[in-house]
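Please read the structure below before turning to the comments.
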Amino acid sequence: MKILFSSIIFIFLTMAVYSQESLYVPREFKEAYKRKTRDYNGNPGEHYWQNFGVYNIEAEIIPDGWRILGKQTILYTNNSPDSLSEIVIKMYPNHYKKGGVRANKIPLKNLTDGMDISNLKVNGETVSLSMDASISNLAHAVKEKNTNNNISVSYNSTFLTLEFNKKLIPPNSTTTFSMDWETEMPLIYVNKIGAYDSQSAYMGYWYPQIAVYDDIDGWDKNEYTGAQECYTDFADFNVKIKVPKGNYVFATGDLLNPKEVLSTTEYSVYNLSKRNLEDLNILNHKAKKNNTVGSPSIWQFKAKNVRDFGFGVTNNFNWVANTTTLKNKAVSSNIIYSQKDEKNLRDLLDTQNKSIQYLSNELPGVAYPYNSFTSFIGVPEFDGMEFPMMANNGFSNNQVSNNLMTFHEIAHTYLPHWVGVNEVKYSWMEEGWATFLTIKFCQDFYRGTKFENYELKRAIRSYNKSAGKQWETPLFSPSNYMVVRNMHFQQSYRKPAFMYLALEYLLGEKLFKTCLKTYLNRWKGKHPSPFDFMFTFNNVSGKDLNWFWEKWVFEYGYADLALIKIEGSKVVLENIGGLPVPVSLKLTYSDNKTSVINKTPEIWLSGKSKALIEIVNEEDLVSVELITSAFPDVNSTNNLLEVYIE
């Protein structure tokens with residue numbers, strides 16, 4: 001009996017693995033599963049690894065031209081099993097350099113000289129940074145290594161590569177990189193960073209950063225084009241930022257020296273805000289005395305195990321703060337904004353706090369993982385950009401839109417910041433989740449009002465405009481190849497949001513939430529792939545969802561159903577777009593009574609394009625209508641069947 005039981009368990013496990021492998025899995029992912037860095041049950045594998053850095057940065061900000069003078073050391077630990085023959089250093093500010101690679105339009109006046117690195121040393125060895133003359137825009141250049149040096153350098157648009165000719169970087173070793181550098185921010189807001197006026201700016205993607213080396217692709221050698229965001233490793237940051245007297249700095253991490261950089265009154269209110277539920281004005285630009293004369297101030301911040309570091313600088317913004325309480329912790333909540341935008345703020349800090357509470361207590365139901373969140377509000381258009389513990393936001397004249405923008409950027413805390421997805425290749429794994437969560441938050445926040453489905457309706461309208469077009473490629477297509485704006489928004493935001501919504505219909509809210517929480521907790525502080533997400537949902541739900549993933553992730557398809565005819569007691573429904581979507585039918589009878597039939601996406605499990613739905617009291621039926629207010633349907637002209645009674 002014991003042998004039989006063991007055999008059954010073995011067969012079950014074998015079937016489970018086979019089920020996972022039945023999906024299309026590219027070669028590089030198969031190799032990762034073979035090496036056991038990832039597991040077919042959705043967990044990190046027993047040999048999972050990722051590299052880690054400690055960044056010690058000293059930066060001086062010069063508002064006149066918004067130049068940044070930097071000096072930094074990086075302690076880079078190679079946790080991989082590989083001896084590294086090269087190191088890739090990202091230089092994101094070269095996105096704004098004349099001649100740089102870009103997928104977006106930038107005004108000529110915003111172009112800069114990019115980033116200049118000097119005095120680069122590796123374990124104390126000086127690296128020659130002379131420009132590689134063999135670079136070509138037409139083809140991959142062939143570079144002859146300088147065998148007189150241990151390290152050769154080659155340049156791309158937004159990164160450089162250090163190639164080790166002799167001494168490689170061995171596994172389980174830590175290498176010290178040191179360098180000086182200089183760059184500048186765009187003189188006006190561009191691509192979610194830059195200056196807002198001569199006195200305030202947001203600094204993002206601003207320092208030299210070692211690229212990700214992972215178990216799937218090796219080094220990330222994708223150019224930063226502005227169409228997508230950045231794939232970054234987790235790291236510790238110790239940052240000192242020098243600014244002219246009278247300037248304030250708001251950044252990722254904890255402020256280590258508030259008493260030194262704030263006035264006595266500001267410091268007192270700042271401390272009070274850490275335990276006060278009411279809004280407190282720490283800094284009011286109108287009331288602030290002129291304190292711009294004197295020595296520069298140095299703001300010191302520390303952040304542990306985060307993907308990036310961003311900060312805002314201003315001497316003319318206001319600062320309002322309070323505390324939002326969760327079950328087991330308090331979170332410092334801050335908004336930094338220009339006086340001219342005060343009329344648009346209304347209750348934005350309250351919205352920010354309710355956003356943190358919703359994400360922590362409701363969906364995904366995982367406690368906000370950091371000590372603070374700050375919205376730095378200066379973007380001169382309706383836009384926003386997430387950074388760890390921060391957002392760089394703008395405003396519209398629509399209060400609902402402002403509230404939902406605030407939530408959307410906070411939602412990014414979980415993906416990509418706490419769970420470090422590759423947002424360059426798979427932006428649908430973070431923007432799609434933020435969009436889905438914003439739809440759910442809107443329904444909760446505005447429940448019972450005319451705005452309850454504001455975000456859902458907006459997403460449906462946007463999705464229907466673009467669905468089924470040729471450039472709407474399968475979600476698994478690398479998103480860094482999407483440079484058409486409509487394509488990017490459809491594939492990164494709208495389509496995946498509706499996939500997650502369809503998945504929730506399929507599994508039910510409780511099981512869906514359990515799967516999502518498990519996925520987040522399994523991969524916090526790590527780099528999940530799309531398969532890790534899909535296999536986790538398979539594993540935790542106890543269901544083989546590969547039929548669902550095949551349609552939504554790997555194949556062309558869109559949301560479009562059609563009512564074909566009524567056959568006796570059944571309605572014939574055709575899935576023209578091919579995606580497994582939920583079905584909602586409204587039945588109207590001769591006595592004007594109505595009933596609704598709801599079917600989950602499981603109705604399409606067979607893979608057939610048509611489904612039959614049983615009708616109750618078909619003899620009194622007047623009409624059958626597809627309800628499309630809760631889910632997209634591209635063509636609404638075939639959503640009604642009327643019964644003509646002679």
Side-chain angles (χ1 to χ4, degrees), residues 192 202 204 229-235 237 250-254 301 303-312 321 323-336 348-349 351-377 384-393 403-423 426-442 444-445 492-493 497 500 513 516-528 533:
K192 305 177 182 179
Y202 194 89
E229 285 146 22
C230 304
Y231 182 33
T232 55
D233 258 329
F234 289 87
F237 288 87
F250 305 90
T252 296
D254 298 322
F301 295 91
K304 294 184 69 65
N305 202 36
V306 295
R307 290 177 66 250
D308 198 4
F309 188 100
F311 66 98
T323 295
T324 183
T325 56
L326 304 176
K327 291 178 183 177
N328 298 314
K329 67 185 298 186
V331 178
S332 173
S333 184
N334 308 267
I335 57 173
I336 319 300
L348 195 65
L349 189 58
T351 300
Q352 181 164 295
N353 293 342
K354 287 178 178 175
S355 299
I356 294 170
Q357 291 164 358
Y358 178 86
L359 291 161
S360 301
N361 301 326
E362 302 299 329
L363 194 67
V366 175
Y368 179 80
Y370 304 120
N371 296 327
S372 65
F373 189 86
T374 300
S375 289
F376 190 88
I377 303 164
M385 182 62 212
E386 70 278 2
F387 293 86
M389 307 178 215
M390 290 197 76
N392 176 33
N393 289 349
N403 288 341
L404 297 180
M405 170 68 77
T406 299
F407 175 87
H408 180 102
E409 303 309 332
I410 298 173
H412 275 303
T413 294
Y414 297 87
L415 296 148
H417 291 314
W418 196 53
V419 176
V421 301
N422 185 341
E423 53 186 331
Y426 312 115
S427 57
W428 57 274
M429 291 182 65
E430 46 100 17
E431 293 294 359
W433 277 116
T435 304
F436 165 80
L437 291 169
T438 304
I439 290 171
K440 302 293 287 187
F441 172 75
C442 181
D444 182 84
F445 190 72
S492 300
Y493 294 76
Y500 301 136
K513 181 177 176 179
L516 176 55
K517 287 179 67 174
T518 303
Y519 167 59
L520 294 176
N521 282 307
R522 282 180 176 182
W523 288 94
K524 61 185 178 184
K526 299 180 177 68
H527 298 307
F533 152 64

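The residues of the chain are indexed from 1 along the displayed sequence.
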Please list, chain by chain and in numerical order, all residues satisfying salt bridge (charged side-chain N to carboxylate O under 4.0 Å, His left out) with D254, sequence neighbours excluded. none
When you look at R307 and E423, which way does the salt bridge (Lys or Arg N to Asp or Glu O under 4.0 Å) test go after all the steps? CA-CA 12 Å; R307 290 177 66 250; E423 53 186 331; 3.0 Å; yes
Verdict with supporting geometry, L348 and N403, side chain to side chain contact (heavy atoms under 4.5 Å, CB included): CA-CA 7 Å; L348 195 65; N403 288 341; 3.6 Å; yes
Can S375 and E409 be counted as having a side-chain donor-acceptor contact under 3.5 angstrom? no
Among side-chain atoms of T232 and D308, is any donor-acceptor pair under 3.5 angstrom? no
Answer yes or no: is there a side-chain heavy-atom contact under 4.5 Å between [X] and [Y]?
{"X": "F301", "Y": "F237", "answer": "no"}
{"X": "Y368", "Y": "Y414", "answer": "yes"}
{"X": "P416", "Y": "E386", "answer": "yes"}

If you measure from [atom1] on [X] to [atom2] on [Y], what distance do you get to the nearest 0.5 Å?
{"X": "Y231", "Y": "N422", "atom1": "OH", "atom2": "CG", "value": "5.0 Å"}
{"X": "H408", "Y": "Y493", "atom1": "NE2", "atom2": "OH", "value": "5.0 Å"}
{"X": "N305", "Y": "Y370", "atom1": "CG", "atom2": "OH", "value": "7.5 Å"}
{"X": "T374", "Y": "M389", "atom1": "OG1", "atom2": "CE", "value": "10.0 Å"}
{"X": "K440", "Y": "L437", "atom1": "NZ", "atom2": "CG", "value": "9.5 Å"}

Just do the side chain to side chain contact (heavy atoms under 4.5 Å, CB included) check on D444 and L363 with the steps written out, would you? CA-CA 11 Å; D444 182 84; L363 194 67; over 6 Å; no
For the pair M385 and Y202, evaluate side chain to side chain contact (heavy atoms under 4.5 Å, CB included) and give the outcome as yes or no after the intermediate values. CA-CA 10 Å; M385 182 62 212; Y202 194 89; over 6 Å; no
Worked verdict on L415 versus Y519 for side chain to side chain contact (heavy atoms under 4.5 Å, CB included): CA-CA 11 Å; L415 296 148; Y519 167 59; 4.2 Å; yes
